[in-house]
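To keep things clear, I will list the structure first and then write my remarks on it.
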Amino acid sequence: MGESTRHICGISGGKDSSALALYLRDRVPKMEYFFCDTGAELPETYEFLTRLEVILGKPIARLNSERGFDHWFEVFRGALPSPQMRWCTKVMKIKPIEAWIGDEPAISYVAIRADEANRKGYISTKPNIESRFPFVEDGVDHDGVMKILDDAGIGLPDYYEWRTRSGCYFCFYQRKAEWVGLAERHPELYERAIAIEQKVLLDAGVDGDADFSERAMSGRQYTWSGGETLVQLRSRRQEILDKHAAAMDRIRQVRVEVPVLEALAEALDTEDDTVSCTVCAL
Ligand code: SF4
């Protein structure tokens with residue numbers, strides 16, 4: 001890696017990658033920032049990126065903006081992306097990143113925190129791209145990230161009020177309470193997610209009122225959220241909110257001083273703590 005080596009930092013719209021961009025702003029003056037735009041990000045993410053650009057004093061390159069989800073959904077013949085078939089990450093994130101980098105030598109800075117020993121971000125297999133992990137090397141943990149964001153005066157993107165993972169509004173990694181949060185904050189986006197799901201059901205000739213439990217559907221992916229359609233999920237809104245509130249209360253009883261974001265993350269993890277998209281949510 002020499003003088004011509006590019007230095008790149010991907011920003012997902014999440015807190016860790018945003019903090020890393022700020023952390024490296026003065027340490028790596030040649031840094032190029034990028035964001036893979038699926039065309040389906042939350043409005044809060046776009047708004048946050050605009051504010052971040054001002055503080056960074058540089059534009060954040062938007063990759064993939066020509067070909068968003070709708071295009072690829074057609075290419076994949078109306079198949080919903082899922083944890084088992086994550087074509088979305090591959091075609092809307094990884095390929096555009098690698099095309100943008102090309103064959104020049106590059107150092108990619110990845111926002112894995114010091115307290116996330118087992119997590120992996122975007123780590124290229126291309127030989128010209130070397131990955132570095134400044135937060136791991138410098139011992140920056142969750143509190144360190146929050147301090148960087150506070151010190152910069154930017155704080156968190158607003159979606160952290162109900163959702164802890166960045167990414168598409170319809171991301172299948174959302175937990176039930178996060179879907180309810182989307183329905184309440186952005187009913188039009190919830191309706192769009194329903195419309196995509198209904199198209200999948202219609203094309204497959206599956207009744208939207210069917211029992212979508214895993215056993216009944218033998219593992220095939222017809223719905224964004226496990227075991228039910230978004231229409232069915234919405235009809236259980238109060239049940240989901242009550243369960244979520246009870247989980248928050250339990251956490252607060254054990255740890256009275258717990259910050260709101262931590263309580264929210266833990267409560268959501270009680271439903272599903274599998275690692276979400278390792279490229280999209282950092
Ligand atoms: S945020 Fe979710 S839906 Fe969007 S590209 Fe990533 S994994 Fe796929």
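Side chains included, hydrogens not; waters and symmetry mates left out as well; all remaining heavy atoms used. Here the structure is a predicted model, which means the values were calculated and not measured. Remember, it's 1-based here, ligands and their atoms both numbered in the order they're listed.
- Atom CD of E188 is surrounded by more than 12 heavy atoms from other residues, nucleotides or ligands within 6.0 Å.
- Here C88 fails the criterion, with no N, O or S atom under 2.8 Å of atom 4 (Fe) of ligand 1.
- For ligand 1, the atoms sitting less than 4.0 Å from at least one non-hydrogen atom of G167 are 1 (S), numbered in the order shown with element in parentheses.
- Within a 6.0 Å sphere centred on NZ of K95, other residues, nucleotides and ligands contribute 12 heavy atoms or fewer.
- Not a single heavy atom of F69 sits under 4.0 Å from any atom of ligand 1.
- The pair K243-E239 does not meet the salt-bridge criterion, since no charged nitrogen lies less than 4.0 angstrom from a carboxylate oxygen.
- When S82, P81, S166, C168 are checked for heavy-atom proximity to atom 1 (S) of ligand 1, C168 turns out nearest.
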**Request:** Evaluate salt bridge (Lys or Arg N to Asp or Glu O under 4.0 Å) for E130 paired with R132, printing each intermediate quantity in order.
**Result:** CA-CA 7 Å; E130 180 191 313; R132 289 203 187 151; 3.0 Å; yes
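- Against a heavy-atom cut-off of under 4.0 Å, T89 is close to the following atoms of ligand 1: 7 (S).
- A donor-acceptor contact shorter than 3.5 Å links the side chain of K126 to the backbone of G102.
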